[in-house]
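In what follows, chains are A, B, ... by sequence order, proteins preceding strands, each numbered from 1.
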Number of protein chains: 2
Amino acid sequence: MYKIGELAAACKVKPDTLRFYEKNGLLHPANRSDKGYRIYSDDDAQQLRFILRAKAMGFSLSDIRELLNIEASRSDWACADVKGMVEAKVQELQTKIDEMTRLRDSLQELADACCGGPESAIHCSILDTLETK
Amino acid sequence: MYKIGELAAACKVKPDTLRFYEKNGLLHPANRSDKGYRIYSDDDAQQLRFILRAKAMGFSLSDIRELLNIEASRSDWACADVKGMVEAKVQELQTKIDEMTRLRDSLQELADACCGGPESAIHCSILDTLETK
DNA sequence: TTTGACCTTTGACCTAACTCCAAGGTTTAT
DNA sequence: ATAAACCTTGGAGTTAGGTCAAAGGTCAAA
Ligand SMILES: [Zn+2]
Ligand SMILES: [Zn+2]
Ligand SMILES: [Zn+2]
Ligand SMILES: [Zn+2]
């Protein structure tokens, strides 16, 4: 059984983060002390670690809420459901990667065309390109 | 000379966007009509196109403010300054791309380990992995 | 007993880049 | 002349994931 500061320290997050997760339906402490302090169980601690691991894998908090629902009653779901979520996330990331790669290449091309020298930018091809596409 | 709605339509943005750019020091209309309407000149229109092109290349509005400063007095800057900005942006994008690629690969690995079948997720390796790293 | 480290709640603030709304004045078309 | 379509300002709301501050209650050690 942990008080909020203890669990937060153990998982290297701030107490406010745990309150935020609670407000957003991700982690409710098992109970409260008679004075109203949040008391977290070992199961809660494990669930927090689940949340943090999923976050580190790139899932949003709303993805994680879904994953926790599935985890809470695994037998109601199929592997296909879970794998589908993960693959959708892969696709989402891939789309962003592609877009950023495209931007990076355009910028690199822009940079390559500029002499990069110490003289005045009056003739700078980068500015020229931005000025008149 | 354009009223705000005309310039906005010509560049496919909303009037509110132009007001936002003005408030943020990116584009001030050349003058105002006697009744207070914003009046944009052709130079303003060109500057807006500069802004939109730079945005499409991935520059933030604060980057663009800097680019506009340079553009406004090109002779005070060197090509090296401009090229440096662009290369910093390339590096910034590259860092994000690398991070997202790492995430994508981890997720793909997670997905590959799951059978993805229609049976119950009780044995799902994805959930197992998230539960106990 | 008193200090200091905890805990509680409510609610504001942060970044980025808009987007929308309300209440009112102006211009344009019919 | 009047209605639609425009313009003005100020200020609030959006998304995501927290982070902080204020005002007060609680607990442990010296
Ligand atoms: Zn040069
Ligand atoms: Zn140059
Ligand atoms: Zn399976
Ligand atoms: Zn599975």
- Query: Taking any strand in view, what nucleotide pairs with dA30(D) in a Watson-Crick or G-U wobble way, both distances under 3.5 Å?
  - Reply: dT1(C)

- Query: What string of B, S and - do you get for nucleotides 18-30 of chain C, 5' to 3', when a contact is any protein heavy atom under 4.0 Å?
  - Reply: BBB----BSS---

- Item | Polar contact flag, side-chain donor to acceptor under 3.5 angstrom, Q47(A)-D43(A) | no

- Could you give the CD1-to-C1' distance, from I39(A) to dC27(D), as a whole number of Å? 13 Å

- Interatomic distance, E92(B) CD vs dA16(C) P [rounded to whole Å]: 11 Å

- Message: Within the 4.5 Å heavy-atom criterion, are L68(A) and I51(A) side-chain neighbours or not?
- Response: yes

- When the distance from CG of L27(B) to C1' of dA17(C) is rounded to whole Å, what number comes out? 15 Å

- Query: In whole Å, what is the span from the CG atom of D63(A) to the C1' atom of dT15(D)?
  - Reply: 14 Å

- Touch class at under 4.0 angstrom, heavy-atom based, for R38(B) against every strand present: sugar-phosphate

- Task: Count the heavy atoms belonging to other residues, nucleotides or ligands that lie under 6.0 Å from CD of E109(B), then report whether that count exceeds 12.
- Result: no

- Item | salt bridge (Lys or Arg N to Asp or Glu O under 4.0 Å): pairs with one or both residues in residues 21-37 of chain B, sequence neighbours excluded | E22(B)-R32(B), E22(B)-R38(B)

- Message: Of the options dT8(C), dG17(D), dT9(D), whose atoms approach the side-chain atoms of S60(A) most closely?
- Response: dG17(D)

- Query: Does the side chain of D112(B) come under 3.5 Å of the side chain of Q108(B) through a donor N or O and an acceptor N or O?
  - Reply: yes

- Would you kindly give the CG-to-C1' distance between L18(A) and dC7(C), to the nearest whole Å? 13 Å

- Item | Carboxylate-amine/guanidinium contact R74(B) E131(A), below 4.0 Å | yes

- Task: Please report, rounded to the nearest Å, how far the P atom of dG18(D) is from the CD atom of E22(A).
- Result: 15 Å

- Item | Gap between atoms CG and C1', on L7(B) and dC6(D) respectively (whole Å) | 15 Å

- Should R32(B) be listed as having a side-chain N or O under 4.0 Å from OP1 or OP2 of dT9(D)? yes

- Message: Under 3.5 Å, is there a donor on one side chain and an acceptor on the other for Y2(B) and D44(B)?
- Response: no

